[in-house]
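Below is one structure, written out as structure tokens; the observations come after it.
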Amino acid sequence: MKRAIFSLTTALLLGFAAVGCDDGPLPPPPPPSGPMGSLTIVTSTTGNLPAVAFAEYTCNIDGERGAGVGPNETHVHALAAGTHVVEMVDVPANCAVQGENPRIVQVAEGADVRVEFEITCQ
């Protein structure tokens, strides 16, 4: 009898532990704490964009895949104050980003830094 109660108790505890292990997806990380600033990304494109399946470029910030940015658009991102690396990727083969890519920018607390990417397409 004691053995049966012990086995039942052990099975219930293991069952509850197993259920507790699958809590679903993790919540998103908290927003950065500390001083904040913003980064305004501007794209201007000249020339002929490819007609097939092109919708937007991608702007990576600090090596993380960022949001899509159209050929002539402006996007604003809130960022922690400090040094950041900004890179325009997913540029079609017949297009080239003018100037440095990636670019290193310094975002100051409460300030907005504007980064313009000129893209020329053949």
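Heavy-atom basis, side chains included; hydrogens, waters and symmetry copies ignored. For this chain, numbers begin at 1 and follow the sequence in order.
- A heavy-atom distance below 4.5 Å is not found between the side chains of V85 and I61.
- Although no hydrogens or angles enter the test, the distance criterion places no donor-acceptor pair under 3.5 Å between the side chain of N60 and the main chain of E87.
- Counted by atom type alone, S44 and N72 present zero donor-acceptor pairs between their side chains at under 3.5 Å.
- Between I104 and T83, the closest side-chain pair of non-hydrogen atoms falls below 4.5 Å.
- Between A108 and A81 the shortest heavy-atom distance is C-CB, 4.1 Å.
- Between the N94 side chain and the C121 main chain, no donor and acceptor come within less than 3.5 Å of each other.
- Of the inter-residue distances, the one linking I41 atom CD1 with E73 atom CD reads 11.5 Å to the nearest 0.5 angstrom.
- Between V69 and T58, the closest side-chain pair of non-hydrogen atoms is not below 4.5 Å.
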Evaluate V107 against H84 for side-chain contact (heavy atoms from CB on, under 4.5 Å), listing each step before the verdict.
CA-CA 7 Å; V107 176; H84 298 279; 3.8 Å; yes
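- Not one N or O on the side chain of D90 forms a donor-acceptor pair closer than 3.5 Å with the backbone of E56.
- Contact annotation: the side chain of E118 never approaches that of V97 to less than 4.5 Å [non-hydrogen atoms, C-beta and beyond].
- Judged by distance alone, the side chain of T43 and the main-chain N or O of P71 form a donor-acceptor pair under 3.5 Å.
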CA sep, side-chain torsions, deciding dist, call: V42, F117, side-chain contact (heavy atoms from CB on, under 4.5 Å):
CA-CA 6 Å; V42 179; F117 286 96; over 6 Å; no
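- In this structure, NE2 on H75 lies 6.5 Å from NE2 on H77, to the nearest 0.5 angstrom.
- Closest of all the heavy-atom pairs between D112 and S38 is OD1-OG, 2.6 Å.
- Judged by distance alone, with hydrogens and angles left aside, the side-chain atoms of R103 form no donor-acceptor pair with the main-chain N or O of M88 at under 3.5 Å.
- When side chains are defined from C-beta on, T40 counts as touching T74, because their heavy atoms get closer than 4.5 Å.
- Smallest separation of non-hydrogen atoms from C59 and V86: SG-CG1, 3.5 Å.
- Note that OG1 of T45 is 4.5 Å distant from CD1 of I119, once rounded to the nearest 0.5 Å.
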